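Working notes, beginning with the structure itself.
In what follows, chains are A, B, ... by sequence order, proteins preceding strands, each numbered from 1. Every value quoted in this text rests on a predicted model; they were computed, and no experiment measured them. Quick note: numbers below take in every heavy atom, side chains included, and nothing from hydrogens, waters or symmetry partners.
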Number of protein chains: 2
Amino acid sequence: MAEVEDVRREMRRALTMISGKWKLEILWLLYQRTYRFGELRREIPQVTPHMLTKQLRELEGDGLVTRKVYAEVPPRVEYTLTDEARTLKPAFESLLAWATSWDSVRG
Amino acid sequence: MAEVEDVRREMRRALTMISGKWKLEILWLLYQRTYRFGELRREIPQVTPHMLTKQLRELEGDGLVTRKVYAEVPPRVEYTLTDEARTLKPAFESLLAWATSWDSVRG
DNA sequence: CGGGATCCTATGCGATACTG
DNA sequence: CAGTATCGCATAGGATCCCG
C-alpha cells in the first residue's frame with residue numbers, strides 16, 4: 001500500500017526523468033523510430049554534442065533509452081526507446097492535451 | 001493546426017510549470033482543499049518561507065493557483081487551485097500511474 | 001561519426017535574518 | 001501570520017577544442 005510520501009517521491013522522480021532541456025525532443029523523436037546520434041543532432045540543431053550525449057546518457061541510465069553500438073568504420077550508434085518509455089506515451093499525451101487545451105483558453 | 005515545434009514547446013512549458021522543487025507537493029495538497037500559507041509550511045516542513053513563497057508566486061503567475069488575501073489581524077492568505085489546474089488532474093494521475101507501475105517492474 | 005575534456009555562465013535552491 | 005532581503009552553494013546548461 002503506497003504512502004502519500006512515496007507517491008510524491010515517485011512523481012518527482014518521473015518528472016525528473018523527462019525534465020532535461022532536450023529530453024522531450026529526444027523522446028518525441030524516438031517515439032517514431034530509431035535514431036542515430038548524428039540524426040538527432042540534425043533534428044535538434046541547437047543542441048551541442050556535449051549536451052546531447054549527456055541527455056542521452058541520463059535517459060539511458062533511467063532505463064528509457066537503449067544505446068546500441070555497431071563495430072563499424074565509420075562508427076554507428078543507434079538510440080531506441082525501451083518498453084518502459086513506450087508505456088509512458090499515454091501520460092505524455094495526456095499532459096500534452098492539457099497543455100494545448102489550457103493554452104487555447106488563455107489565448 | 002498545430003506544428004510539431006509548437007507541440008514540443010507546449011510540452012516543455014507544461015513541464016516547467018509543475019517542475020519546481022515543491023510544486024508537486026503544493027498542487028497535491030491543494031487538490032484536496034484550500035490551504036493557508038502557514039498550513040502549507042506545516043505540511044511541508046522542509047520548505048523555507050522564502051522558497052514556499054517563490055513556488056506559490058510562480059504557480060500563481062502560471063495561472064494554476066489563486067491567492068486570496070483577507071484584510072484581517074492577524075493576516076490570513078489562502079491558496080486555491082484554479083480550474084485550469086484542476087483539469088490537469090488526469091494527466092497528473094496518468095503520469096503517476098506510469099511512475100509507480102514502472103517502479104514495480106524494476107523493483 | 002560519435003563522442004570526451006575543459007572551462008565558464010546561469011539558474012535553482014537553501015540558510016539566515018528581519019518585518020508590516 | 002505571512003511574508004521579504006541578502007548571501008552563498010550546487011547543479012544544469014553551454015562554448016570551445018580535441019580524439020579514436
Rounded interatomic separation in angstrom, taking NZ from B/Lys54 and P from D/dT4: 13 Å
Most 5' of A/Gly20 and A/Pro75 on DNA chain D, judged by nearest nucleotide: A/Gly20
Spacing of B/Leu56 atom CG relative to C/dC13 atom P, expressed in whole Å: 14 Å
Sugar-phosphate only, base, or nothing, as touched by A/Gln55 at under 4.0 Å among non-hydrogen atoms: sugar-phosphate
Atom of A/Thr80, atom of A/Thr34 and distance for their closest heavy-atom approach: OG1-OG1, 3.3 Å
Sugar-phosphate, base or nothing in reach of B/Tyr79, heavy atoms under 4.0 Å: sugar-phosphate
Distance in angstrom units between B/Trp22 CH2 and C/dC13 C1', rounded: 10 Å
Side chain proximity check, A/Glu39 to A/Arg33, heavy atoms < 4.5 angstrom: yes
Sidechain N-carboxylate O distance under 4.0 Å for B/Arg9, B/Asp6: yes
Under 4.0 angstrom between A/Arg57 side-chain N/O and C/dG2 OP1 or OP2: no
Whole-Å gap separating P (D/dG13) and CD (A/Glu25): 12 Å
Nearest atoms (heavy-atom pairs only) where A/Ser94 meets B/Pro90: OG-C, 3.8 Å
Results of side chain to side chain donor-acceptor pair (under 3.5 Å) for A/Glu43 - residues two or more places apart only: none
A/Thr66-A/Thr82 side chain donor-acceptor pair, cut-off 3.5 Å: no
Contacting residues from residues 26-53 of chain B, given that a heavy atom lies under 4.0 angstrom of DNA chain C: B/Thr48, B/His50, B/Met51
Rounded distance in Å - NZ (A/Lys68) to C1' (C/dC1): 18 Å
Five-pair end axes of the helix from C/dC1-D/dG20 to C/dG20-D/dC1, angle between them (10°): 60°
Integer-rounded Å distance: C/dG12 P and B/Leu59 CG: 14 Å
Lys/Arg-Asp/Glu bridge criterion (N-O < 4.0 Å) met for B/Glu10, B/Arg13: yes
Phosphate contact (C/dG14 OP1 or OP2) by B/Lys21 side-chain N/O below 4.0 Å: yes
Side-chain donor-acceptor pair present, B/Glu78, B/Tyr35, cut-off under 3.5 Å: no
Whole angstrom value for the distance that separates P of C/dG12 from CG of A/Leu15: 16 Å
Six-ring centre of A/Tyr79, A/Lys68 cation under 6.0 angstrom, axis tolerance 45°: no
